[in-house]
Amino acid sequence: MKLFKSKTLYQTIVLVIIGVFINRMIADTASIAGVPLYLDSIGTMFVSVVGGLCPGMLVGFITNMIGGLSDSSTFYYGTINVLIAAIAGYAANKGYFEKITKVLCLIPFYLILSIPCSVLGYVLFDMNIADNVAAPIATSIHNAGFPILLSQILADFCIELPDKLISLVVAFLLVKLVPESVIKKFDMVAGRDYLYYDRMSNNDKRKSLRTRVTIILFMSGLAICVLAFLVSYKTTFETMTVGKTLTEAELGSIRRDVILFCIKLFSTMFGLLLCIVSFTMILANRTLVSPLYKMTKEMSRFAYDDSDGRDESVANLKALNITTENEIEELYLAMCKTVSEIDEYIDTTNEQSETIQKLQVSIITTLADVVESRDITTGHHVKRTAEYSALLAKKLKDTGKYTDIIDDDYIRRIYIAAPLHDIGKIKISDTILNKPGRLNDEEYEVIKTHTTMGRDMLLNASINIVNTEYFQMAIDIATYHHEWWDGSEKGYPERISGEAIPLSARIMAVADVLDALLSKRPYKDGYPIEKAMSIINEEKGTHFDPVIIDALNDSVEEIEKIKNMYPD
């Protein structure tokens with residue numbers, strides 16, 4: 001992203017020359033023909049629309065500098081022609097030159113601009129009517145009894161209205177003669193490829209860096225112009241009066257002449273200042289602000305979620321191809337390198353995380369298998385209950401229940417954590433665990449301790465685990481999957497009720513009882529699915545969360561498939 005390519009620079013120089021030629025040719029023709037109009041800003045407007053603010057301002061300034069060779073007062077109106085370029089360039093960026101009706105809306109702005117022009121002429125011509133094409137009209141108005149300054153302003157209005165009307169129309173027609181492909185070549189110079197950024201900055205309450213740089217430069221340049229005015233006044237006045245004996249009238253005359261000279265100098269320097277500011281805006285935009293904005297925008301939408309998204313973001317950042325040949329380019333290259341390394345690091349970290357998660361799942365499955373191998377009555381109980389739990393969680397999510405808790409990650413976690421619901425049984429003796437008949441009260445109290453023992457085992461196991469989400473759910477399930485929804489004394493170990501019971505444990509309670517009813521035990525045969533569902537529905541709202549039972553009733557076909565997948 002160099003400031004300008006050599007070809008673009010040459011094309012811009014040619015465009016400026018064409019603009020100056022148009023200005024001088026039409027203005028000189030009007031003067032020779034005796035037309036009481038200036039018509040010296042058509043080329044300025046044309047170049048401002050095609051090439052942007054900076055070339056347009058240069059055309060306006062150079063035009064007046066050339067005109068000043070034959071009429072020195074023309075030098076001092078360079079600032080006005082520069083402001084004419086600013087209005088045309090800004091209006092072009094806003095789309096005013098797309099239709100002739102929009103172009104004509106600019107006339108009021110140029111009429112307002114004629115007021116400082118009138119004041120400048122009034123000052124330059126020693127508080128008298130300016131010697132320009134509006135002089136006859138201003139003289140007539142003044143003779144009618146109006147003050148000189150007001151007469152000058154009204155006269156300039158009379159001239160400026162047809163002058164700018166004709167200038168705008170001719171400039172519009174000239175622009176329309178230029179092919180769109182040619183205008184596109186000057187997008188880089190005009191800054192049209194960054195109009196979106198400018199609009200974004202204007203809508204932002206904070207001032208953009210580009211705006212701040214422009215303001216600082218303008219204020220600094222203005223301070224220099226003011227300082228030059230004061231220094232010039234001081235030194236010139238002293239030079240003209242030192243060693244001379246002058247009367248008050250002579251001193252006043254010299255002072256007025258010096259002030260007039262300094263005002264002319266200020267006016268000329270201020271026009272040059274505006275040209276420099278416009279060029280600096282492009283320079284700052286292309287080599288500093290725009291590259292920073294592009295990098296910031298690309299980084300703000302950098303996708304960390306998945307590998308493909310990150311790869312695309314890295315590719316998009318590298319595609320910016322920022323070549324400012326300064327510290328910004330160094331920053332860009334460092335950013336590309338850093339982002340690429342971050343992408344690789346995240347990929348490596350994700351692979352390691354997946355490996356750790358697989359290891360955790362493997363450990364969990366192994367622990368569950370240990371319990372299953374000790375309890376000869378349960379068969380594939382842990383596998384089926386894991387499937388039932390995941391099925392119920394997914395059904396709840398699909399039907400819009402508990403969506404503040406259940407998401408895809410929650411479903412994965414409950415599938416992995418569910419097999420550990422009876423992990424505490426590993427501490428129950430084989431005599432009680434594998435008793436062929438029903439347990440007595442004392443034995444049942446021992447069996448009930450498997451919930452708290454399972455909790456304690458998992459709590460100890462999770463101490464040195466970085467990601468404890470699975471273990472926390474496993475702890476909730478192991479501890480509370482025998483609690484009752486209504487808080488009945490049949491529930492244990494803490495006899496809590498309702499939503500105080502973790503959702504994962506409430507789901508597990510249904511899955512556990514469902515599998516117990518469907519499965520064969522030494523003391524009973526497995527119930528048909530219709531009978532099991534009927535028994536569970538009888539305890540809806542007492543033993544079980546009613547919402548989960550509704551999800552169970554909508555899952556009969558899936559339950560049948562899971563049961564057949566893992567037969568006793």
Side-chain angles (χ1 to χ4, degrees), residues 364 367-368 371-372 374-375 377-379 381-393 396 402 413-429 432-435 438-459 471-519 521 523-524 527 532-533 535-549 551-552:
I364 290 171
L367 288 172
V371 176
E372 183 177 346
R374 289 192 66 240
D375 190 345
T377 68
T378 57
H381 173 69
V382 294
K383 294 183 176 65
R384 289 192 296 265
T385 51
E387 294 285 351
Y388 293 150
S389 297
L391 170 63
L392 291 173
L396 289 169
Y402 297 119
R413 280 188 284 128
I414 199 170
Y415 179 78
I416 296 172
L420 294 177
H421 68 282
D422 280 337
I423 188 68
K425 286 184 177 179
I426 199 170
K427 292 191 174 183
I428 304 298
S429 69
I432 297 176
L433 188 63
N434 294 317
K435 183 178 179 179
R438 290 187 177 276
L439 302 176
N440 58 37
D441 292 343
E442 184 178 346
E443 292 167 336
Y444 184 59
E445 289 300 319
V446 174
I447 280 289
K448 286 166 64 175
T449 63
H450 80 278
T451 56
T452 52
M453 287 191 291
R455 176 196 63 201
D456 295 339
M457 289 174 62
L458 292 173
L459 280 172
F471 272 83
Q472 183 56 55
M473 182 176 283
I475 291 168
D476 289 341
I477 291 173
T479 308
Y480 300 111
H481 70 283
H482 284 294
E483 298 286 3
W484 279 48
W485 173 258
D486 63 357
S488 167
E489 61 181 9
K490 297 178 182 178
Y492 62 88
E494 298 180 9
R495 201 178 298 172
I496 57 177
S497 63
E499 294 190 0
I501 307 170
L503 178 60
S504 56
R506 304 201 304 268
I507 292 174
M508 188 67 230
V510 176
D512 192 29
V513 173
L514 173 67
D515 191 68
L517 293 171
L518 293 175
S519 302
R521 294 289 187 266
Y523 51 85
K524 76 170 186 70
Y527 292 120
M533 295 290 286
I535 294 173
I536 289 177
N537 273 279
E538 288 177 3
E539 295 184 338
K540 175 181 178 181
T542 55
H543 188 172
F544 306 114
D545 181 345
V547 174
I548 298 175
I549 299 304
L552 179 70

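Bear in mind that the values here come from a model prediction, so they are computed numbers and not experimental data. Start at 1 with the first residue, then count along the sequence.
In this view, Pro493 and Thr451, Thr452, Thr479, Glu483 satisfy the side chain to side chain contact (heavy atoms under 4.5 Å, CB included) rule, not counting sequence neighbours. Evaluation of the side chain to side chain donor-acceptor pair (under 3.5 Å) rule for Asp456 yields no partner, not counting sequence neighbours. Among residues two or more places apart in sequence or in another chain, the salt bridge (charged side-chain N to carboxylate O under 4.0 Å, His left out) test is passed with Glu443 by Lys435. Residues passing the salt bridge (charged side-chain N to carboxylate O under 4.0 Å, His left out) test with Lys490, sequence neighbours excluded: none. Scored by the side chain to side chain donor-acceptor pair (under 3.5 Å) test, Glu494 finds Tyr480 as partners (sequence neighbours excluded). The salt bridge (charged side-chain N to carboxylate O under 4.0 Å, His left out) check on Glu499 picks up nothing, with sequence neighbours excluded.
The shortest side-chain heavy-atom distance between Ile536 and Leu514 falls under the 4.5 Å cut-off.
The two residues Ala511 and Tyr388 come nearest to each other via the heavy atoms CB-CB, 3.7 Å. The two atoms that bring His421 and His381 nearest to each other are NE2-NE2, 3.1 Å, heavy atoms only.
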Give the intermediate values and the outcome of side-chain contact (heavy atoms from CB on, under 4.5 Å) for residues Val513 and Phe544.
CA-CA 10 Å; Val513 173; Phe544 306 114; 3.7 Å; yes
Any chance you could lay out the side-chain contact (heavy atoms from CB on, under 4.5 Å) test for Leu439 and Ile432, step after step, and finish with the verdict?
CA-CA 8 Å; Leu439 302 176; Ile432 297 176; 4.1 Å; yes
Any chance you could lay out the side-chain contact (heavy atoms from CB on, under 4.5 Å) test for Ile507 and Asp545, step after step, and finish with the verdict?
CA-CA 8 Å; Ile507 292 174; Asp545 181 345; over 6 Å; no
Working for side-chain contact (heavy atoms from CB on, under 4.5 Å), residues Val382 and Asp422
CA-CA 9 Å; Val382 294; Asp422 280 337; 5.9 Å; no
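Side-chain contact of Ser519 with Arg384: a donor-acceptor pair under 3.5 Å is present, judged by distance alone.
Ring-plane geometry between His482 and His450 is classed as perpendicular, the angle between the planes exceeding 60 degrees on a 0 to 90 degree scale with a lower cut at 30.
Remark: side-chain polar atoms of Asp512 are not paired, donor with acceptor, to backbone N or O of Met508 under 3.5 angstrom.
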